[in-house]
There are 2 protein chains.
Amino acid sequence: MRLPALQRREQLLDAATTLIAERGYWGLSLQDVADACGITLPGVLHHFGSKDGLLVAVLEHRDRLDTAALVEHLEAGAPPDLAGVCDAIVSRNAGQREIVRLYAVLEVESLAPDHPAHAFFAERQRRTLALLTRWAPAARSGDALARHILALMDGLQIQWLRDPELDLVAEWRAVSGQLPALRRPL
Amino acid sequence: MRLPALQRREQLLDAATTLIAERGYWGLSLQDVADACGITLPGVLHHFGSKDGLLVAVLEHRDRLDTAALVEHLEAGAPPDLAGVCDAIVSRNAGQREIVRLYAVLEVESLAPDHPAHAFFAERQRRTLALLTRWAPAARSGDALARHILALMDGLQIQWLRDPELDLVAEWRAVSGQLPALRRPL
DNA sequence: GTCTATAGGACGATAGAC
DNA sequence: GTCTATCGTCCTATAGAC
């Protein structure tokens, strides 16, 4: 079935997202992506140029959606403090398991300096830390607090990914409740 | 160079450990393992039967070493409380970056149910949680505390793996100092 | 914009000699 | 215990037709 380019791209990005989450980048096969969308392998490459190109497109696509969702959440009246931002992030993540898995896999895989997403994730972590630090109460070292929060989120997500029974939001509430610097914004 | 079987196995395990840490299991090539040890690919398979067999051997090898190290650390007079056990784990990890990377990569990669190490890591997390829970003060839910601690360790390790400047032990001290349930053993 | 066809390698694994 | 040789499968990527 012949599809408009933009629509086909989106379909391919969806399929690739699921498959990378499942197998990682090194385990991804373009043939599988093609099969999942009912086109041929060269058809995939036509849209993204190369396997690396597809990966970059997937990441950019997700980041655009996530940033938009966060902004919207804040404009819609979430509490404008650090706890509010964190809760917004966690509750959004809780609703998109596959995406969280994609990032968890790629974040660790890309620790290797020659991974095609290495720079992307280094920059992304820098950006996330900056975002959290900006909202941190000025009193104590905001950077240490930001790293603490990020570590907790990453760690809890892995446990949640391994055990579907776990309630990510509840777990985050329980754990972040122990952090005075987070729950007492003043 | 012809080597005794046991020595060759160890050399192969070392090489495989480094390469899996670098590329994950799906990105591992037996050819590279063979090259690193100066033998051919069938030579590798002779010792481990299959690629899966090699992975299992690597993990069993590491777990044996780590368990022994922890026991020794405790017998050598580390504080016999939860904080002491955690500090022991973190400080040992801080000294073996490659190994931590291996586990970080495989832990996330193996979230997929058909990954050859899936069962291994599910069981390992269960065991680690049980270990931490055993040392937790009986007062509060030890299980929640154990998950909290495990999340922190995993999260901090990822940050440390990305940024070699970071001091894992110091970071752990700073972060765990905020956990009253951990630092006040009575 | 999508296809067929194909190039050109790398992969895991096996068989059998030494 | 390690080798050579080889099989069959999978891979990314390119060239060119429609």
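Throughout, a chain's letter reflects where its sequence line sits, starting with A, and its residues are numbered from 1.
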Base, sugar-phosphate alone, or nothing: which one does Leu45(A) contact when heavy atoms must sit under 4.0 Å apart?
base
Considering only residues two or more places apart or on different chains, which pairs with a residue in residues 52-61 of chain B satisfy side chain to side chain donor-acceptor pair (under 3.5 Å)?
Tyr25(B)-Asp52(B)
Below 4.5 Å, heavy atoms only, C-beta onward: do Tyr103(A) and Leu59(A) meet side chain to side chain?
yes
Listing request: all side chain to side chain donor-acceptor pair (under 3.5 Å) pairs with a residue in residues 146-157 of chain B, at least two apart in sequence or in separate chains.
Glu171(A)-Arg147(B), Asp143(B)-Arg147(B)
Check the distance between dT12(D)'s P and Asp35(A)'s CG and give it to me in whole angstrom.
12 Å
Before accepting this row, confirm whether a basic side-chain N of the pair Arg23(A)/Asp32(A) lies closer than 4.0 Å to the acidic partner's carboxylate O.
no
side-chain contact (heavy atoms from CB on, under 4.5 Å) filter on Arg173(A), not counting sequence neighbours, yields Val169(A)
Do Arg97(A) and Trp160(A) form a cation-pi contact, if we require the NZ or CZ to be under 6.0 Å from the six-membered ring centre and within 45 degrees of the ring's axis?
yes
Output a table of donor-acceptor pairs, distance under 3.5 Å, between side-chain atoms of residues 13-21 of chain B and any protein atom two or more places apart or on a different chain; print 'none' if there are none.
{"residue": "Thr17(B)", "atom": "OG1", "partner": "Leu13(B)", "partner atom": "O", "Å": "2.7"}
{"residue": "Thr18(B)", "atom": "OG1", "partner": "Asp14(B)", "partner atom": "O", "Å": "3.3"}

Check nucleotides 4-11 of chain D for protein N or O atoms closer than 3.5 Å to its own N or O atoms and list the pairs.
{"residue": "dC11(D)", "atom": "OP1", "partner": "Ser29(A)", "partner atom": "OG", "Å": "2.7"}

What are the bounds, 5' to 3', of the part of DNA chain C that sits under 4.0 Å from heavy atoms of chain A?
dG1(C) to dA5(C)
Less than 4.5 Å apart, any side-chain heavy atom of Leu179(B) and any of Leu152(B)?
yes
